[in-house]
Amino acid sequence: VQLVESGGGVAQTGGSLRLSCVASGLNTPEYGLGWFRRGPGSRREGISCIEGAEGTTWYADSVKGRFTVSYDKAATTLYLQMDSLTPADAGSYYCTYTSTKWYSGSCLNPNYVNIWGKGTLVTVSA
């Protein structure tokens, strides 16, 4: 499985961006696909993920109500629609694949991620 992100760029505060992640070699996710973020000087943070079987979505509190994760099975592509962006949302965004469900929402735990994409950079201007 290979994960390739795209869609990063520069947005103004209050603006929107849509990230995409093509999951090559992945027919049906065994568990979860997700997005992590690493801001300047901070650790990687689980932002959002979707559990493959049930389609259950999970969000970090910091993005609830503003970000929407979705998965197109036919295109094996994961999306992250980001609205109402703030400078705090800036950073590198990584697409991830977690093959085992350790507990509900464990696709947001970096310790269980099996595959990481190389990331795409998001900049939010004030």
Side-chain angles (χ1 to χ4, degrees):
V1 177
Q2 185 177 13
L3 305 174
V4 179
E5 306 95 334
S6 63
V10 180
Q12 291 185 333
T13 296
S16 299
L17 284 174
R18 188 193 195 201
L19 305 184
S20 300
C21 169
V22 177
S24 302
L26 182 66
N27 292 323
T28 301
E30 293 183 17
Y31 172 46
L33 288 162
W35 292 97
F36 282 68
R37 173 176 72 199
R38 174 177 278 169
S42 63
R43 298 190 301 179
R44 280 185 292 196
E45 171 192 15
I47 295 300
S48 181
C49 66
I50 184 167
E51 295 180 338
E54 304 88 359
T56 304
T57 56
W58 299 87
Y59 296 93
D61 288 342
S62 59
V63 305
K64 279 181 182 176
R66 300 187 299 119
F67 290 12
T68 305
V69 66
S70 60
Y71 181 65
D72 183 332
K73 292 182 180 180
T76 63
T77 300
L78 181 73
Y79 299 98
L80 184 67
Q81 178 66 41
M82 305 187 296
D83 299 317
S84 302
L85 286 164
T86 74
D89 295 316
S92 294
Y93 283 71
Y94 301 88
C95 180
T96 62
Y97 175 57
T98 304
S99 62
T100 302
K101 183 177 182 177
W102 297 94
Y103 52 85
S104 293
S106 57
C107 46
L108 278 182
N109 189 324
N111 295 319
Y112 299 134
V113 171
N114 299 100
I115 300 173
W116 295 83
K118 292 185 177 180
T120 186
L121 184 64
V122 171
T123 302
V124 183
S125 60

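When reading the values below, keep in mind they use all heavy atoms of this one structure, side chains included, and skip hydrogens, waters and symmetry mates.
Taking CD1 of Ile50 as the start and CG of Leu80 as the end, the distance is 11.0 Å to the nearest 0.5 Å. To the nearest 0.5 Å, the span separating CG on Asp89 from CZ on Arg66 amounts to 4.0 Å. Put simply, CD on Gln81 and CZ on Arg18 are 6.5 Å apart, with the number rounded to the nearest 0.5 Å.
Within the 3.5 Å criterion, the main-chain N or O of Trp35 finds no donor-acceptor partner in the side chain of Ser48. Side-chain N or O atoms of Arg37 include none that pairs as donor or acceptor with a backbone N or O of Ile47 at under 3.5 Å. Remark: side-chain polar atoms of Ser24 are not paired, donor with acceptor, to backbone N or O of Val1 under 3.5 angstrom. Under a 3.5 Å cut-off, the side chain of Glu51 and the backbone N or O of Gly32 do not form any donor-acceptor pair.
Open room surrounds CD on Gln12; 12 or fewer heavy atoms of other groups in view lie less than 6.0 Å from it.
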Working for side chain to side chain contact (heavy atoms under 4.5 Å, CB included), residues Val113 and Tyr94: CA-CA 11 Å; Val113 171; Tyr94 301 88; over 6 Å; no
Leu26 and Tyr97: CA distance, side-chain angles, deciding distance, side chain to side chain contact (heavy atoms under 4.5 Å, CB included) verdict: CA-CA 10 Å; Leu26 182 66; Tyr97 175 57; 4.0 Å; yes
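Pairing each heavy atom of Ala11 with each of Leu85, the nearest pair is CB-CD1, 3.7 Å. Leu78 and Cys95 get closest at one heavy-atom pair: CD2-SG, 4.0 Å. Closest heavy-atom contact between Leu33 and Leu3: CD2-CD2, 4.5 Å. The shortest non-hydrogen separation linking Thr96 to Trp116 is CG2-CE3, 3.3 Å. In plain terms, the two heavy atoms of Thr13 and Pro87 that are nearest each other are OG1-CD, 3.5 Å. Taking both residues in full, the closest heavy atoms of Glu5 and Tyr93 are given as OE2-O, 4.0 Å, listed atom of the first, atom of the second, then distance.
Considering only heavy atoms from C-beta on, Leu19 comes within 4.5 Å of Val122 through its side chain. The closest side-chain heavy-atom distance from Asn111 to Trp102 is not below 4.5 Å. Within the 4.5 Å cutoff, the side chain of Glu45 has heavy atoms near those of the Ser62 side chain.
Ser70 is linked by a side chain to side chain contact (heavy atoms under 4.5 Å, CB included) to Tyr79, counting only residues two or more places apart in sequence or in another chain.
Legend: ring-ring contact (aromatic ring centres under 6.0 Å, His included) pairs involving residues 54-73, not counting sequence neighbours: none detected.
Hydrophobic clustering of Ile, Leu, Val, Met, Phe, Trp and Tyr side chains at less than 4.5 Å, counting indirect connections, unites Met82 with Val69.
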